[in-house]
Amino acid sequence: MGNNLLKGKRGIIFGALDENSIAWKTALRVKDEGGAFTLTNAPIAMRLGKINELASACNAQVIPADATSEQDLNTLFSKSLEVLGGKLDFVLHSIGMSPNIRKGKEYGDMNYEWYLKTLDISALSFHKILQTAEKLDAMNEWGSIVALSYIASQRSYPDYTDMAQAKAMLESIARSYGARFAKLKKVRVNTISQSPTKTTAGAGISGFDVFFDYAQMMSPLGNASGEDCANYITILFSDYTRMVTMQNLMHDGGFSTSGITQEMIDRLVK
Ligand SMILES: NC(=O)c1ccc[n+]([C@@H]2O[C@H](COP(=O)([O-])OP(=O)(O)OC[C@H]3O[C@@H](n4cnc5c(N)ncnc54)[C@H](O)[C@@H]3O)[C@@H](O)[C@H]2O)c1
């Protein structure tokens with residue numbers, strides 16, 4: 001049972017593919033806190049994933065949209081306003097995909113068409129979502145829009161290749177659009193930089209288990225789970241964070257500010 005933190009609030013949740021998805025866990029949490037929303041994913045993911053199961057558990061309507069298509073986004077936002085019966089208070093962008101990573105391309109052998117696709121799907125889509133919301137005047141005052149990032153935006157990770165640039169761009173869009181949306185409508189825009197999490201997108205990165213274990217050892221609290229992330233997103237959608245905007249918020253058990261941990265020392269000394 002939740003605490004009605006989101007009672008009366010309406011929104012859109014992008015990116016629930018299966019029960020491991022951060023968006024899936026967030027949908028359940030938001031529902032539990034009294035929020036109402038539509039669910040969306042790319043048409044192809046709808047066929048492969050299980051979004052309809054989630055939709056019935058949350059009593060939510062599913063509206064397919066490729067997040068790179070302005071037309072799809074326009075339809076999604078318009079229909080969501082209709083289905084939910086009013087303007088929106090929250091939006092979650094939980095979308096990431098790199099064809100170069102999928103095809104195992106090294107950073108010195110990038111396919112540039114795919115590189116542009118990575119940026120379009122994983123970062124520019126966030127701008128398209130924000131711009132669609134603005135143009136349709138779809139947000140209520142004091143609304144909250146969140147996207148998910150990773151620390152590879154700021155530090156090098158060999159196998160994260162072009163997704164590192166996508167995340168840097170995503171964080172930058174949150175700052176630039178956050179400034180604009182605050183002035184227009186008092187809407188806040190943030191990214192959460194999440195620990196490695198065992199999901200389809202996470203596990204697609206080669207060496208993921210090593211990043212996961214390394215981060216686990218280098219985080220005094222351990223890695224933040226998908227459920228922890230869903231809780232944090234819920235708080236960011238709530239009225240308890242009304243003055244937080246244009247931030248990249250670290251949600252990583254202390255990883256980003258640790259030099260070395262005792263656990264790592266013990267491991268290396270052995
Ligand atoms: N898993 C991790 O370790 C980790 C860590 C930090 C940040 N993140 C970020 O969290 C977010 C969610 O990923 P996840 O880990 O839950 O994995 P996931 O694979 O469950 O979710 C990624 C989603 O992106 C959707 N997507 C891909 N192309 C799309 C398109 N064109 N239009 C609309 N949707 C599209 C997929 O269908 C999928 O639902 C991503 O931005 C990811 O980069 C993940």
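Whatever order the structure lists them in is the order used to number ligands and atoms, beginning at 1.
- Salt bridge status for Glu171 with Lys167: absent, with no side-chain N to carboxylate O gap under 4.0 Å.
- Closer than 4.0 angstrom to ligand 1 by heavy atom are Gly15, Leu17, Ser21, Ile22, Asn41, Ala42, Ala45, Ala65, Asp66, Ala67, Ser94, Ile95, Gly96, Ile121, Leu148, Ser149, Tyr150, Lys167, Gln194, Ser195, Pro196, Thr197, Thr199, Thr200, Ala201, Gly202, Phe208, sorted by chain and number.
- The aromatic rings of Tyr107 and Tyr115 sit tilted, their planes meeting at an angle between 30° and 60°.
- His93 and Ser125 form a side-chain donor-acceptor contact under 3.5 Å, judged by distance and modelled atom types alone.
- Under a cutoff of 6.0 Å and an axis angle of 45°, Lys9 and Phe237 do not form a cation-pi pair.
- Asn100 pairs in a side-chain hydrogen bond (donor to acceptor under 3.5 Å, both in side chains) with only one of the listed residues (Asn111, Thr118, Asp162, Thr161), which is Asp162.
- Phe14 places a side-chain heavy atom less than 4.5 Å from the side chain of Ile12.
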